[in-house]
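Structure first, commentary second.
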Amino acid sequence: GKGIAVFTSGGDSQGMNAAVRAVVRMGIYLGCKVYFIREGYQGMVDGGEHIIEANWSSVSSIIHKGGTIIGSARCQDFRERQGRLKAAKNLVDKGITNLVVIGGDGSLTGADLFRQEWSSLLEELVKNKEITPEQKEKYRILQIAGLVGSIDNDFCGTDMTIGTDSALHRIIEAIDAIVSTAYSHQRTFIMEVMGRHCGYLALVAALTGEADFVFIPEWPADSNWKDVLCKKLMQERTAGQRLNIIIVAEGAIDRNGEPITAEMIKKVVVDNLHQDTRITVLGHVQRGGRPSAFDRILGSRMGAEAVMALMEADEKTEPCVISLDGNQAVRVPLMQCVKQTKAVAQAMADKQWEKAVQLRGKS
Ligand code: ATP
């Protein structure tokens with residue numbers, strides 16, 4: 001059978017294990033040899049015990065675990081051709097010509113580059129006598145399918161990335177907990193949530209947690225935001241509300257592109273309204289804990305579809321990302337998604353926020 005390897009790369013997210021499990025089991029079901037690569041690209045470059053064959057039971061009891069059991073890493077070596085050459089040699093040694101990469105846009109970009117270079121890497125390996133010409137011929141095509149694991153939901157081309165829903169659960173649990181204590185003491189809480197370029201978590205958390213105010217990168221605050229904020233908080237208190245909740249995304253900014261931080265917001269509330277105000281930074285709690293049912297199903301469906309895509313691919317097939325479109329698992333050209341995701345980041349950097357939202361929405 002064909003050799004498939006699955007690995008997780010970049011930041012971890014809940015639901016990655018479900019995806020790994022589905023890749024392994026669908027691969028075995030279809031008669032493939034399936035390998036784990038531990039610690040992302042680093043394991044691919046280092047080889048040896050980092051690339052191990054998986055069996056049906058090696059993915060038992062992992063679907064309910066957060067993070068990624070096969071480890072994830074950032075890898076400088078893989079950014080250099082020399083590192084990718086080592087990686088290619090390790091894959092050929094095991095007969096692996098199909099990769100399922102689970103990660104963010106960086107990881108997917110690296111995979112695409114690797115595939116483009118594949119034949120020249122094999123040529124160099126033959127020249128160095130590290131592989132035989134027969135091996136080069138036999139393993140000449142590298143197929144790639146990507147799955148997007150990220151809690152931020154910051155990737156173009158898919159409705160939801162694996163991990164976002166679980167992160168929202170974590171945030172909502174935290175807001176609910178804070179609301180009860182805030183109520184008792186008539187306090188105002190400012191909660192910082194993840195999302196450097198993408199305010200999805202902050203926005204949805206604000207809507208579902210009944211926050212009074214939210215700051216997100218895509219909707220930079222107007223120059224009079226302090227007045228607007230104070231007026232709104234006052235209104236709510238006058239109407240009898242005993243507490244206020246403000247959600248701020250990590251990447252929140254004003255119209256000049258200057259950061260708006262929880263500390264700044266706190267100062268405004270304390271100086272103007274003299275409310276008892278506290279800050280809660282959720283941090284990595286959002287990335288941890290059990291995956292939600294949604295993320296388990298998402299990871300499972302995406303993983304199974306990735307293996308199907310690899311099995312159906314021929315020499316002309318471009319690498320794809322498995323995306324959620326409505327309620328369907330679909331295959332989208334990998335580079336199209338990466339390009340669009342980068343275009344969004346560029347528009348944000350250029351302070352063209354409406355363009356960024358449009359670009360993200362179109363995908
Ligand atoms: P996150 O969303 O958590 O940041 P990511 O996949 O975007 O996930 P990166 O750190 O950008 O995270 O990339 C993960 C790894 O992918 C890098 O450490 C590197 O090994 C590899 N990689 C990223 N970009 C490239 C590239 N242009 N060329 C080769 N390899 C790359």
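What's counted below: heavy atoms across the whole structure, side chains too, no hydrogens, waters or symmetry copies. Counting starts at 1 for both ligands and their atoms, in listed order.
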Nearest non-hydrogen protein atom, [atom]:
{"atom": "atom 28 (N) of ligand 1", "answer": "Leu113 CD2, 3.6 Å"}
{"atom": "atom 3 (O) of ligand 1", "answer": "Gly11 N, 2.8 Å"}
{"atom": "atom 17 (C) of ligand 1", "answer": "Arg79 NH2, 3.7 Å"}
{"atom": "atom 4 (O) of ligand 1", "answer": "Arg74 NH1, 3.3 Å"}
{"atom": "atom 19 (C) of ligand 1", "answer": "Cys75 O, 3.4 Å"}
{"atom": "atom 15 (C) of ligand 1", "answer": "Ser9 OG, 3.7 Å"}
{"atom": "atom 2 (O) of ligand 1", "answer": "Gly104 CA, 3.9 Å"}
{"atom": "atom 7 (O) of ligand 1", "answer": "Gly106 N, 2.8 Å"}

Any idea which part of Asp105 is under 4.0 Å from ligand 1, heavy-atom wise: side chain, backbone, both or neither? both

Between Tyr41 and ligand 1, which part of the residue brings a heavy atom under 4.0 Å of the ligand: side chain, backbone, both or neither? side chain

Tell me whether [X] has any N or O atom under 3.5 angstrom from an N or O of ligand 1.
{"X": "Ser107", "result": "yes"}
{"X": "Ala73", "result": "no"}
{"X": "Leu108", "result": "no"}
{"X": "Gly10", "result": "no"}

Would you please say whether a donor-acceptor pair under 3.5 Å links the side chains of [X] and [Y]?
{"X": "Asp105", "Y": "Thr341", "result": "no"}
{"X": "Thr164", "Y": "Thr161", "result": "yes"}
{"X": "Asp112", "Y": "Thr109", "result": "no"}
{"X": "Arg81", "Y": "Ser120", "result": "yes"}

Could you please spell out the steps behind the side chain to side chain contact (heavy atoms under 4.5 Å, CB included) verdict for Phe213 and Val228? CA-CA 10 Å; Phe213 221 87; Val228 177; 4.1 Å; yes

When the ring planes of Phe78 and Tyr41 are compared, do they come out parallel, tilted or perpendicular, using 30° and 60° as the limits? parallel

Would you please classify the geometry between the Phe114 ring and the Trp118 ring as parallel, tilted or perpendicular, with 30° and 60° separating the classes? perpendicular

Using the side chain to side chain contact (heavy atoms under 4.5 Å, CB included) definition, which of the options Leu85, Ile131, Leu142 pairs with Leu122? Ile131

Intermediate values then yes/no, side chain to side chain contact (heavy atoms under 4.5 Å, CB included), Met44 and Lys86: CA-CA 8 Å; Met44 200 188 288; Lys86 279 194 202 163; over 6 Å; no

For the hydrophobic clusters of this structure (ILVMFWY residues joined by side-chain heavy atoms under 4.5 Å, transitively), does one cluster hold both Ile69 and Ile28? yes

Ser150: heavy atom below 4.0 Å from ligand 1, yes or no? no

